[in-house]
Amino acid sequence: MLPPPTSYICYYGPGQLKKLGRVDWAILQAGHYTPADLDWLNARKTLTFAYLSVGEEPMGGQKEGAVWHLRTADLVAPQQIINEQWRTAYVDCRSEAWQTYLLAEVIPILRAQGFKGLFLDTLDVQESFPETRPGVIQLLQRMRDTFPDLHLIANRGFSVLDEIAPLVDAFLFESYSSYHQGDMCEPWPVEDQAWLTLQAVRLQATGLPILALDYANPDQPELIKYAHGRARAAGFIPYVTNWALDIIQ
């Protein structure tokens, strides 16, 4: 089992190597870092994870040095359902072509670049499209089988938690205490607390390290303090950042 970190950063901007080198784990956007950067971080015992979207793909198909041409057959639905907030298309993880693209093209590039793990985002598309659920589980199983040396962090994935918990090394609970709408960050209202607590208990039961990622702007010190305290009380490792994840605070 991968030992839990005492600290971590989730940062999608460039640079900041000195700050990144002070934490145990760093979740990064691969395109901002060279192999020399990653060697520097790895030499300082900062375990580096590359962001990887599992269930969504930017419209236009550019991804970390490889090119994916979106096809109707690879999307969740023929009408090419789009996530308007991020301008991404929902990909059907049952697609053999999509799985092969990630396993044979994208992940080898990230691994060769020097990343020691993957941060698996957008696992929850199948909550809206349950017919795709088997594909998410199969894809993670294939990742684990194909790249046993890579560490895997799953972002949420609550509706497949029981199936994927044996396949990953840690979970990240995004928006555990706060959320954002655009650049506005707020604590969750009371009526949402019961569901959040239930998911926290389920994650705790896995026995895996749990990271909490919450949102607050630099001018919201009380919200930052609240999110840190709530995560620590649950036994989670906290990190609080702005909505764009492009500052370290």
Side-chain angles (χ1 to χ4, degrees), residues 10 12 27-33 38 48-175 213 245:
C10 186
Y12 294 162
I27 299 170
L28 307 169
Q29 284 278 5
H32 292 313
Y33 296 92
L38 296 173
T48 52
F49 295 82
Y51 176 92
L52 181 66
S53 179
V54 172
E56 297 183 29
E57 172 73 347
M59 299 304 292
Q62 295 292 331
K63 184 184 285 289
E64 306 303 350
V67 178
W68 174 252
H69 300 288
L70 289 171
R71 305 178 309 172
T72 301
D74 300 314
L75 303 181
V76 168
Q79 60 266 40
Q80 300 191 21
I81 295 172
I82 294 171
N83 180 336
E84 292 290 351
Q85 181 178 7
W86 300 112
R87 297 302 299 169
T88 55
Y90 294 127
V91 181
D92 188 341
C93 286
R94 295 172 297 178
S95 164
E96 176 61 29
W98 174 249
Q99 291 193 17
T100 299
Y101 166 66
L102 294 182
L103 294 166
E105 295 188 50
V106 177
I107 297 176
I109 290 172
L110 299 173
R111 187 165 170 263
Q113 191 173 345
F115 283 99
K116 303 303 182 184
L118 303 172
F119 172 58
L120 307 176
D121 196 22
T122 63
L123 295 173
D124 294 321
V125 170
Q126 42 75 37
E127 291 185 1
S128 299
F129 307 98
E131 67 275 14
T132 70
R133 187 173 184 273
V136 175
I137 300 166
Q138 181 190 46
L139 178 54
L140 265 64
Q141 181 67 65
R142 292 183 68 184
M143 285 184 190
R144 175 54 75 202
D145 293 342
T146 307
F147 305 100
D149 59 319
L150 287 179
H151 302 297
L152 304 179
I153 302 174
N155 186 11
R156 290 185 162 226
F158 298 131
S159 58
V160 289
L161 188 142
D162 292 340
E163 290 84 358
I164 69 173
L167 305 176
V168 301
D169 298 285
F171 281 93
L172 183 144
F173 196 153
E174 185 177 8
S175 296
L213 174 63
L245 295 99

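A donor-acceptor pair under 3.5 Å is formed between the side chain of Gln113 and the backbone N or O of Ala30. The backbone N or O of Val54 sits less than 3.5 Å from a side-chain atom of Trp98, completing a donor-acceptor pair. A donor-acceptor pair under 3.5 Å is formed between the side chain of Gln99 and the backbone N or O of Cys93. No donor-acceptor pair closer than 3.5 Å links the side chain of Thr132 to the backbone N or O of Gly135. A distance-only check finds a donor-acceptor pair linking the side chain of Asp124 to the backbone of Gly157 [under 3.5 Å].
Under the 6.0 Å cut-off for aromatic ring centres, Tyr51 and Tyr12 qualify, their centroids lying closer than that.
Evaluated for a side-chain contact (heavy atoms from CB on, under 4.5 Å) with Leu120, the options Leu140, Asn155, Ile153 yield exactly one hit, Leu140.
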If you apply the rule side chain to side chain contact (heavy atoms under 4.5 Å, CB included), what do you find for Ile164 with Leu123, and how did you get there? CA-CA 10 Å; Ile164 69 173; Leu123 295 173; 4.2 Å; yes
Checking ring-ring contact (aromatic ring centres under 6.0 Å, His included) for the pair Phe158/Phe173: CA distance, chi angles, key distance, verdict? CA-CA 10 Å; Phe158 298 131; Phe173 196 153; 5.1 Å; yes
Could you go through Val125 and Glu56, starting from their C-alpha distance and side-chain angles, then the distance that decides it, and tell me whether this counts as side chain to side chain contact (heavy atoms under 4.5 Å, CB included)? CA-CA 8 Å; Val125 170; Glu56 297 183 29; 4.0 Å; yes
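How far CD1 of Ile137 is from CZ of Arg94: 12.0 Å, rounded to the nearest 0.5 Å. Rounding to the nearest 0.5 Å places CZ of Phe49 at 6.5 Å from NE2 of His151. Here the CG atom belonging to Leu152 is positioned 12.0 Å from the CZ atom belonging to Phe119, to the nearest 0.5 angstrom. Annotation: the span from Leu172 atom CG to Ile27 atom CD1 amounts to 5.5 Å, rounded to 0.5 Å. A distance of 10.0 Å separates CG of Asp92 from CZ of Phe129, quoted to the nearest 0.5 Å. Atom CE of residue Met143 and atom CD1 of residue Ile107 lie 4.0 Å apart, to the nearest 0.5 angstrom.
A salt bridge is defined here as a Lys NZ or Arg NE, NH1 or NH2 lying under 4.0 Å from an Asp or Glu carboxylate O, and Arg111 with Asp149 meets this definition. Salt bridge status for Glu96 with Arg142: present, with a side-chain N to carboxylate O gap under 4.0 Å. Taking the charged nitrogens against the carboxylate oxygens, Asp169 and Arg144 do have a contact shorter than 4.0 Å, which makes a salt bridge. A salt bridge links Arg133 with Glu163: the distance from a Lys NZ or Arg NE/NH1/NH2 to an Asp or Glu carboxylate oxygen falls below 4.0 Å.
Val168 and Ala154 make their closest contact through CG1-CB, 4.1 Å (heavy atoms, listed as atom of the first residue, atom of the second, distance). Between Glu127 and Ser159 the shortest heavy-atom distance is CG-OG, 3.2 Å. The minimum heavy-atom distance linking Gly55 with Thr122 is given by the pair N-OG1, 2.8 Å.
Phe147 is listed as a side-chain neighbour of Pro108, based on a closest heavy-atom distance under 4.5 Å.
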